[in-house]
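Basis for what follows: all heavy atoms, side chains included, without hydrogens, waters or symmetry-related copies. All values reported here derive from a predicted model rather than from experimental measurement.
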Amino acid sequence: MRFGKTIAILALGTVPALAVAASAMTSATYFMKAGAGDLYEKQSSTLLMQSTANPALKTFAKEMITDHTNSTAAVKAAAMKAGLHPAPPKLTAKQMSDLAALRAAKGTSRDTLYITQQKAAHQEALALHQGESSTGTAAPLKAAAAKIVPVVQHHIDMLATM
């Protein structure tokens, strides 16, 4: 019984730490992460469109390019409205590695890898935009993130059928 109470107390003690970590992201960090995610989406989808024979996947990839171009523009406009002028986003090391793996894959293996990578990337994007929309400190970025959340959720729903 004593052990269970100790675990419960320790678990409760981690909640504030997680909340602090979630709210610790600056507006500039959000901008960079959102931009890097969009850049990855556009590059990976462009790569896939050059090789896939799957018409549904080609349609999805085209939508990714359009939607992530739009979200980049929305987040950039919101950042400017918030008085931020961060540098253009760059891919993370993981995103570069994922793109390299996608380039190396061929045929239906590339299609399968693309879907797997998209599922992971969209889960990260959903968490990022949800976090900013609820705990962000710059109102324009919070509003932009809130508008992006349903779009990312729609992408996740589409991926669930693939």
Side-chain angles (χ1 to χ4, degrees), residues 15 18-19 21-79 82 84 86-136 138-162:
V15 173
L18 293 174
S23 65
M25 183 171 46
T26 66
S27 295
T29 299
Y30 165 73
F31 176 84
M32 293 305 289
K33 287 183 175 189
D38 285 342
L39 185 59
Y40 166 77
E41 292 294 337
K42 292 183 284 189
Q43 288 185 7
S44 63
S45 295
T46 299
L47 178 62
L48 181 85
M49 285 183 63
Q50 295 169 357
S51 66
T52 189
N54 182 328
L57 208 49
K58 194 171 267 198
T59 298
F60 176 81
K62 185 176 180 181
E63 187 172 327
M64 293 307 96
I65 293 166
T66 300
D67 288 352
H68 288 281
T69 298
N70 291 340
S71 66
T72 295
V75 171
K76 183 177 180 181
L84 299 174
K90 296 178 184 166
L91 295 174
T92 66
K94 180 182 182 327
Q95 291 164 335
M96 288 188 281
S97 173
D98 285 350
L99 279 173
L102 202 56
R103 277 189 202 95
K106 304 293 179 211
T108 58
S109 293
R110 179 181 282 172
D111 292 356
T112 302
L113 180 59
Y114 173 80
I115 292 167
T116 300
Q117 289 179 355
Q118 290 298 307
K119 287 178 178 179
H122 279 87
Q123 288 299 326
E124 289 176 25
L126 183 62
L128 175 71
H129 294 295
Q130 284 176 331
E132 182 64 19
S133 69
S134 64
T135 63
L141 286 169
K142 282 181 77 161
K147 289 180 182 176
I148 293 168
V149 166
V151 176
V152 174
Q153 184 60 59
H154 173 67
H155 296 168
I156 290 169
D157 295 344
M158 292 171 66
L159 284 162
T161 66
M162 294 184 184

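Ala120 is linked by a side-chain contact (heavy atoms from CB on, under 4.5 Å) to nothing, counting only residues two or more places apart in sequence or in another chain. With sequence neighbours left out, Thr52 forms a side-chain contact (heavy atoms from CB on, under 4.5 Å) with Leu48, Asn54, Leu57, Lys58, Asp111. Residues satisfying the side-chain hydrogen bond (donor to acceptor under 3.5 Å, both in side chains) criterion with Thr29, sequence neighbours excluded, are Thr26. Residues passing the side-chain hydrogen bond (donor to acceptor under 3.5 Å, both in side chains) test with Gln95, sequence neighbours excluded: Thr92. Not counting sequence neighbours, the partners of Lys94 by the side-chain hydrogen bond (donor to acceptor under 3.5 Å, both in side chains) test are Asp98. For Ala74, there are no side-chain contact (heavy atoms from CB on, under 4.5 Å) partners two or more places apart in sequence or in a different chain. With sequence neighbours left out, Lys62 forms a side-chain contact (heavy atoms from CB on, under 4.5 Å) with Met49. Under the rule for a side-chain hydrogen bond (donor to acceptor under 3.5 Å, both in side chains), Glu124 has no partner lying at least two apart in sequence or in another chain. With sequence neighbours left out, the ring pair (Phe, Tyr, Trp, His ring centres under 6.0 Å) criterion links Phe31 to no other residue.
Between atom CE of residue Met162 and atom OG1 of residue Thr112 there is a gap of 12.0 Å, rounded to the nearest 0.5 Å. Annotation: the span from Ser45 atom OG to Tyr40 atom OH amounts to 8.0 Å, rounded to 0.5 Å. We find the OG1-CD distance between Thr46 and Gln43 to be 7.5 Å, quoted to the nearest 0.5 Å. Within the model, atoms NE2 of His154 and CG of Leu159 stand 10.0 Å from one another, a figure rounded to the nearest 0.5 Å. Between the CG atom of Leu126 and the CD1 atom of Ile156 there is a distance of 4.5 Å, given to the nearest 0.5 Å. Between the CG atom in Asn70 and the NZ atom in Lys147 there is a gap of 12.5 Å [rounded to 0.5 Å].
For the ring-ring contact (aromatic ring centres under 6.0 Å, His included) condition, no pair includes a residue of residues 101-121, sequence neighbours left out. Among residue pairs with one or both ends in residues 40-55, none qualify as salt bridge (charged side-chain N to carboxylate O under 4.0 Å, His left out); sequence neighbours excluded. Sequence neighbours left out, the pairs with a member in residues 42-79 that pass ring-ring contact (aromatic ring centres under 6.0 Å, His included) are His68-His122, His68-His155.
Of all the heavy atoms in Leu128 and Ala34, the pair that sits closest is CD2-N, 3.5 Å. Between Leu39 and Pro89, the shortest heavy-atom contact is CD2-O, 3.9 Å. The heavy-atom pair separating Ala79 from Leu141 by the smallest distance is N-CD2, 3.8 Å. Gln117 and Ala101 make their closest contact through NE2-CB, 4.2 Å (heavy atoms, listed as atom of the first residue, atom of the second, distance). Heavy atoms only, all atoms of each residue included: Leu91 and Ala36 are closest at CD2-O, 3.8 Å. Nearest heavy-atom pair, Arg110 versus Ser51, reported as atom, atom and distance to 0.1 Å: NH1-OG, 2.9 Å.
Environment of NZ in Lys76: sparse, with no more than 12 heavy atoms of neighbouring residues, nucleotides or ligands closer than 6.0 Å.
Under a 3.5 Å cut-off, the side chain of Thr66 and the backbone N or O of Glu63 do not form any donor-acceptor pair.
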Practice item. Show the numbers, then the answer: is there a side-chain hydrogen bond (donor to acceptor under 3.5 Å, both in side chains) between Ser44 and Gln118? Key: CA-CA 9 Å; Ser44 63; Gln118 290 298 307; 3.1 Å; yes
